[in-house]
4 protein chains.
Amino acid sequence: MTRGRRRSESSRRAILDAARVLLLEHGYERLTIDAIAAQAGVGKQTIYRWWGSKGAVVADAALAGGLVPPLIPLPDTGDIETDLRAWLRAWTEHLASGVGRSLILALTAATAEDRAVADVLYERFTGPHEQLLRDRLDSACAAGQLGSEVPVPTIAGVLIGSLLYRVLSMQAPPTADDADMVVRLVLAGAA
Amino acid sequence: MTRGRRRSESSRRAILDAARVLLLEHGYERLTIDAIAAQAGVGKQTIYRWWGSKGAVVADAALAGGLVPPLIPLPDTGDIETDLRAWLRAWTEHLASGVGRSLILALTAATAEDRAVADVLYERFTGPHEQLLRDRLDSACAAGQLGSEVPVPTIAGVLIGSLLYRVLSMQAPPTADDADMVVRLVLAGAA
Amino acid sequence: MTRGRRRSESSRRAILDAARVLLLEHGYERLTIDAIAAQAGVGKQTIYRWWGSKGAVVADAALAGGLVPPLIPLPDTGDIETDLRAWLRAWTEHLASGVGRSLILALTAATAEDRAVADVLYERFTGPHEQLLRDRLDSACAAGQLGSEVPVPTIAGVLIGSLLYRVLSMQAPPTADDADMVVRLVLAGAA
Amino acid sequence: MTRGRRRSESSRRAILDAARVLLLEHGYERLTIDAIAAQAGVGKQTIYRWWGSKGAVVADAALAGGLVPPLIPLPDTGDIETDLRAWLRAWTEHLASGVGRSLILALTAATAEDRAVADVLYERFTGPHEQLLRDRLDSACAAGQLGSEVPVPTIAGVLIGSLLYRVLSMQAPPTADDADMVVRLVLAGAA
DNA sequence: TAGTAAACGAGACGGTACGTCCAGTCTTGAT
DNA sequence: ATCAAGACTGGACGTACCGTCTCGTTTACTA
């Protein structure tokens with residue numbers, strides 16, 4: 001028996017859409033709640049009622065607002081090296097685009113600034129990707145493609161970390177060759 | 001033949017010290033120029049005269065203000081695995097402390113928010129650490145400990161990236177065991 | 001032949017009571033519809049359905065909500081001076097209390113800010129008091145206690161105005177002596 | 001030895017001018033600090049730095065901003081009735097204009113809402129006018145035109161109060177005839 | 001040993017965005 | 001049809017900082 005008006009789904013969408021557009025247009029640090037509210041045609045209070053901070057809105061825009069691509073798939077062809085290579089190459093491609101880069105920079109800024117946001121993002125964004133990797137690596141172990149004592153979490157962390165570092169160091173976006181080399185390096189000793 | 005009063009060294013120190021203290025206390029996003037000036041007992045104009053932006057002050061405070069530890073040394077005992085392990089363990093220890101973690105989070109936020117700061121920090125902070133790794137890896141190649149076609153830049157990036165990801169994912173600070181496993185993984189196929 | 005639910009008398013009373021309590025507690029400018037609704041245990045819409053503005057609620061609370069004391073009686077002993085003195089003294093007593101003062105200040109603020117409220121309040125609050133005075137003065141004329149050409153409306157206005165000025169000037173609440181002096185002054189030349 | 005930039009006289013004038021213009025244009029309750037700041041081309045903080053409330057700005061605009069006419073003079077022709085009549089007529093004329101009415105309503109609202117503002121206004125606006133009256137009445141006593149035991153403060157209060165009541169009751173602005181009648185009434189018994 | 005020019009502390013300035021409060025409206029399920 | 005509940009848009013609030021701009025003071029080189 002819930003009384004009173006229900007949360008407006010259209011406002012929710014408008015806010016997340018506005019956050020997405022403005023984030024890609026101006027970057028995280030120049031994103032303001034005022035601008036999101038204006039762009040979305042919404043009262044500021046409606047934003048604060050449901051999110052409470054800029055980082056939280058951005059995190060939700062990334063997760064539910066269509067900003068993050070659907071989980072980049074990690075195929076299971078039976079050959080772990082091929083599959084990881086495909087996954088990592090897809091990521092490098094995404095990060096080479098302005099959109100992908102802006103997104104990761106924004107999420108990183110939000111993570112580094114706000115512990116609560118960091119937790120949400122790990123739970124719903126980074127974590128699932130990491131889990132995807134781990135699952136595929138586990139299945140490769142089970143299939144005998146990797147030694148059974150291979151440190152699966154470490155491998156997953158290393159693969160993600162190398163991507164992250166390339167984006168944050170800002171020198172040059174990672175390339176397909178980089179991706180291949182990382183995969184080869186990581187799998188070389190894990191046979 | 002400079003006329004007029006010289007730049008005050010004591011003000012410069014006071015500003016960098018204040019920035020360091022406030023950065024570790026409150027984090028990058030809550031750091032303000034007003035607070036730095038007040039804490040340093042300095043006029044705001046003196047900050048803007050020499051630095052021009054919050055990010056620039058933070059970068060300088062990190063680099064020249066005693067915030068960043070002296071380059072963590074990478075010994076050359078002749079055994080590359082031992083040396084990398086020592087280096088990575090020293091880093092994990094530093095990151096396990098509140099100060100080290102806060103520092104990396106602050107610098108990461110600054111990097112993700114401001115391209116100019118990112119460049120300064122890469123050039124004078126991240127870059128030198130990366131170079132240190134590359135040099136040691138090169139010497140290991142020359143000494144025949146690693147294959148001559150080993151992708152040195154990739155290895156360096158992977159080592160740093162794995163540290164970064166552990167800090168940013170916020171799940172748990174990296175441990176000595178993690179460090180050892182990363183080193184073993186990365187060197188396993190590079191013999 | 002009214003269809004549907006009837007207006008709730010208990011809500012009406014609760015709203016007027018809440019307005020009265022909050023008005024005296026915090027003054028007119030800090031009175032909010034939200035607070036009235038909460039205090040009355042009533043939806044805001046119920047207030048807007050029947051009153052339409054804050055001023056209207058206040059006016060009604062003053063008039064029908066038990067905020068304004070029942071018309072201070074103006075006796076007719078046959079001696080106009082005695083009667084006016086009694087009336088004016090009763091008013092000064094009322095205004096010397098915190099409640100009376102707060103009330104007049106609140107109604108004055110409402111009057112000065114909102115023309116519509118001013119009209120309602122004059123018609124149903126100030127006006128009747130003024131009329132009471134005029135009627136008594138007229139009867140005194142008829143009884144030969146005052147000259148027949150005495151400016152009755154002016155006398156009434158002067159009596160009320162002197163009270164009002166004392167309250168608004170905020171220097172000190174009017175006293176019984178003041179009241180007596182005003183009456184003597186006003187009647188002195190009206191014999 | 002005052003250090004730092006001095007208060008900007010031009011901003012002060014601009015704020016008071018803006019307050020005056022907007023007050024007369026829209027009335028007290030619709031006057032906003034935001035609008036004053038925008039109209040004056042000034043930061044809001046500059047207003048809050050020096051005034052702290054809407055009422056205080058309005059009070060100052062009235063007193064120092066050219067809103068209130070210079071003290072309406074009370075001549076001393078030797079005939080107290082003539083002089084009071086002139087003074088009161090000048091006031092009724094001023095109050096019959098939209099500007100005068102708006103002003104008094106605004107100052108009354110400010111007085112009724114904020115005790116601190118009320119005190120400032122009494123001290124610097126109402127008080128001086130009252131004092132003017134008292135001084136003239138005292139000199140009339142000294143000259144033998146009024147009885148020596150005449151209640152001067154009461155007369156002054158009654159004169160001002162009658163004006164105030166006419167404005168606030170909002171029925172009709174006071175006329176010259178009203179003014180004459182009040183003077184005659186008040187002086188009738190004070191010979 | 002003046003004179004002068006730059007840097008200094010202080011702090012007010014025009015602005016932008018903040019996060020909160022309230023007005024007045026709209027929507028919901030219950031009475 | 002009205003009610004209590006409560007989310008909605010809109011707009012002003014008063015605060016915090018931004019980066020700039022005076023001030024009068026201090027410092028150190030130059031004439």
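Everything quoted here is computed from the prediction, not taken from an experiment. Heavy-atom basis, side chains included; hydrogens, waters and symmetry copies ignored.
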Pairs in or reaching into [range]: which pass side-chain hydrogen bond (donor to acceptor under 3.5 Å, both in side chains), with residues at least two apart or in two chains?
{"range": "residues 31-40 of chain D", "answer": "Asp34(D)-Lys44(D)"}
{"range": "residues 45-54 of chain A", "answer": "Trp51(A)-Asp60(A)"}
{"range": "residues 12-26 of chain B", "answer": "Glu9(B)-Arg12(B), Asp17(B)-Arg20(B)"}

| task | Indicate yes or no: at least one non-hydrogen side-chain atom of Val117(B) is less than 4.5 angstrom from one of Glu113(B). | result | no
| message | With a 4.0 Å cutoff (strictly under), does any side-chain N or O of Arg6(A) reach OP1 or OP2 of dG29(E)? | response |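 Yes, because at least one side-chain N or O of Arg6(A) sits under 4.0 Å from OP1 or OP2 of dG29(E).
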| Does dC8(E) have OP1 or OP2 sitting under 4.0 Å from an N or O in the side chain of Arg49(B)? |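 Arg49(B) to dC8(E) OP1/OP2: side-chain N or O found under 4.0 Å.
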| Which residues, if any, of residues 9-27 of chain B bring a heavy atom under 4.0 Å of DNA chain E? |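 When residues 9-27 of chain B is checked for heavy atoms under 4.0 Å from DNA chain E, the hits, listed by number, are Ser11(B).
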| message | Base, sugar-phosphate or nothing for Trp50(B)? Non-hydrogen atoms, less than 4.0 Å. | response | sugar-phosphate
| query | side chain to side chain donor-acceptor pair (under 3.5 Å) with Asp114(C): which residues, sequence neighbours excluded? | reply |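 Here no residue qualifies.
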| request: Check each residue of residues 33-48 of chain A for a non-hydrogen atom within less than 4.0 Å of any atom in DNA chain F, then write out the ones that pass by number, or none. | output: Gly41(A), Val42(A), Gly43(A), Thr46(A)
| Given atom CZ of Arg7(C) and atom P of dC3(F), what is their separation to the nearest angstrom? | 7 Å
| request: Could you pull out the closest heavy-atom pair between Ala14(B) and Ala40(B), with the gap in Å? | output: O-CB, 3.5 Å
| For Gly52(D) and Arg5(A), take the nucleotide of DNA chain F holding the closest heavy atom to each; which residue's nucleotide lies nearer the 5' end? | Arg5(A)
